[in-house]
Asks: 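Got a structure for you, questions after.
Just follow the structure's listing: the first ligand is 1, and inside any ligand the first atom is 1. Sequential numbering from 1 along the given sequence is applied to the chain's residues. Nothing here was measured: the structure is a model prediction, and the numbers come from that model.
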Amino acid sequence: MSLDKHIEKVLFSDEAIAERVAQLGSEITSQFSGDSEPPVFVGVATGACLFLADLVRRIDLPISIDYIRADSYASGTVSSGSPRISFDLKLDITNKHVFLVEDIVDTGNTLSCLIEHLKLKKASSVSVCTLLDKPSRRKVHFKLVGDGKFYSGFECPDEFVVGYGMDFAEQYRNLSYVGVLKPECYM
Ligand code: IMP
């Protein structure tokens, strides 16, 4: 059965995502264009893989790229609430501007843990760009570092979404859009 048949509804189409990613790319390029030290873009694995790949191609600056991983979900649709860093940066970010790229901010637990970690590693600023934000589900109010800024692609309704990097039980990341799964696919 085709992957599309597992999807109940499309929330953000390929075209809508591409348009928003291009806008974010030019806003972020303007944010850093006056800086002598270009930022380090850090993708939060695995969910941000597609978003990071598309976003960095819209950034017209000599950036560097790294990955970090924080695990908080087992294989269900509810966060465990206590993320831990399970794969760390390769680059030294001391005194660097860091730009965290996330797929989705839900309770805020993961982001808060990541920001604290980057702060301990002495980043001079931490900005965040998430493709999706679910503010209605926020439990932890994270604080950015230095003059870091928060960017969000789209506000997401309180539904479990998959696609464009986001998974259910490690599947559906390769969908080119974001959608809601049919209940029979996760029951
Ligand atoms: P938080 O710690 O609750 O903010 O959750 C953040 C992480 O949970 C994200 O980086 C995603 O990997 C995952 N997550 C949260 N909501 C969803 C969803 O609707 N679909 C897929 N993954 C999600």
Asks: If we only consider heavy atoms of Val161, is any one of them less than 4.0 Å away from an atom in ligand 1?
Replies: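 Checking ligand 1 against Val161, which is what was asked, there is a heavy-atom contact under 4.0 Å.
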Asks: Do Arg137 and Asp106 meet the salt-bridge criterion of a basic N to acidic O distance under 4.0 Å?
Replies: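 Between Arg137 and Asp106 there is a salt bridge, with a charged N closer than 4.0 Å to a carboxylate O.
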Asks: With no hydrogens and no angle check, is any side-chain donor or acceptor of Lys143 less than 3.5 Å from a backbone partner on Ile115?
Replies: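 Not confirmed, Lys143 side chain does not pair with Ile115 backbone.
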Asks: Identify, by atom number and element, the atoms of ligand 1 in contact range of Thr107, meaning under 4.0 Å from any of its heavy atoms.
Replies: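 Counting from 1, the qualifying ligand atoms are 1 (P), 2 (O), 3 (O), 4 (O).
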Asks: Assess Arg137 for proximity to ligand 1: is some non-hydrogen atom of it under 4.0 Å away?
Replies: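 Contact absent.
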Asks: Please confirm whether Asp167 comes under 4.0 Å of ligand 1, counting heavy atoms of the residue only.
Replies: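 It does, in that a heavy atom of Asp167 comes within the 4.0 Å cut-off of ligand 1.
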Asks: With a 4.0 Å cut-off on heavy atoms, is Asp103 in contact with ligand 1?
Replies: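 Distance cut 4.0 Å: Asp103 passes for ligand 1.
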Asks: List ligand 1 atoms under 4.0 Å from Asn109, heavy atoms only on the residue side.
Replies: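 Heavy-atom distances to Asn109 below 4.0 Å select 2 (O), 4 (O).
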Asks: Do you know which two heavy atoms are closest between Cys129 and Phe99, and how far apart they sit?
Replies: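 Scanning both residues, the minimum pair turns out to be CB-CE2, 3.2 Å.
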Asks: What atoms in ligand 1 come closer than 4.0 Å to a heavy atom of Glu159?
Replies: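 With Glu159 as reference, the close atoms of ligand 1 come out as 19 (O).
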Asks: Are more than 12 heavy atoms from other residues, nucleotides or ligands located less than 6.0 Å from atom CZ of Phe87?
Replies: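 Check fails, neighbour count at 12 or below.
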Asks: Do any nitrogen or oxygen atoms of Gly108 lie less than 3.5 angstrom from nitrogen or oxygen atoms of ligand 1?
Replies: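 Among all N and O atoms of Gly108, at least one is under 3.5 Å from an N or O of ligand 1.
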Asks: State the atoms of ligand 1, each with its element, that fall below the 4.0 Å cut-off from a heavy-atom position in Glu102.
Replies: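 Those of ligand 1 that fall under 4.0 Å from Glu102 are 10 (O).
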Asks: Could you tell me whether a side-chain N or O of Ser127 sits under 3.5 Å from a main-chain N or O of Lys149, the two making a donor and an acceptor?
Replies: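 Yes, because the side chain of Ser127 sits within donor-acceptor range (under 3.5 Å) of the backbone of Lys149.
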Asks: Between Ser136 and Asp158, do the side chains contain an N or O donor and an N or O acceptor separated by less than 3.5 Å?
Replies: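 On atom types as modelled, these side chains do not qualify, holding no pair under 3.5 Å.
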Asks: Under 3.5 Å between some N or O of ligand 1 and some N or O of Met166?
Replies: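 No, since none of the N or O atoms of Met166 sits under 3.5 Å from an N or O of ligand 1.
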Asks: Contact between Lys139 and ligand 1, counting heavy atoms under 4.0 Å?
Replies: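 Under 4.0 Å: no for Lys139.
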Asks: Give a yes-or-no answer on whether the side chains of Thr29 and Asp60 include a donor-acceptor pair shorter than 3.5 Å.
Replies: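 Not at all, the side chains of Thr29 and Asp60 share no donor-acceptor pair under 3.5 Å.
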Asks: Of Leu181, Asp167, Val178, Val161, which is the lone residue that meets side chain to side chain contact (heavy atoms under 4.5 Å, CB included) with Tyr172?
Replies: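 Exactly one option meets the side chain to side chain contact (heavy atoms under 4.5 Å, CB included) with Tyr172, and it is Leu181.
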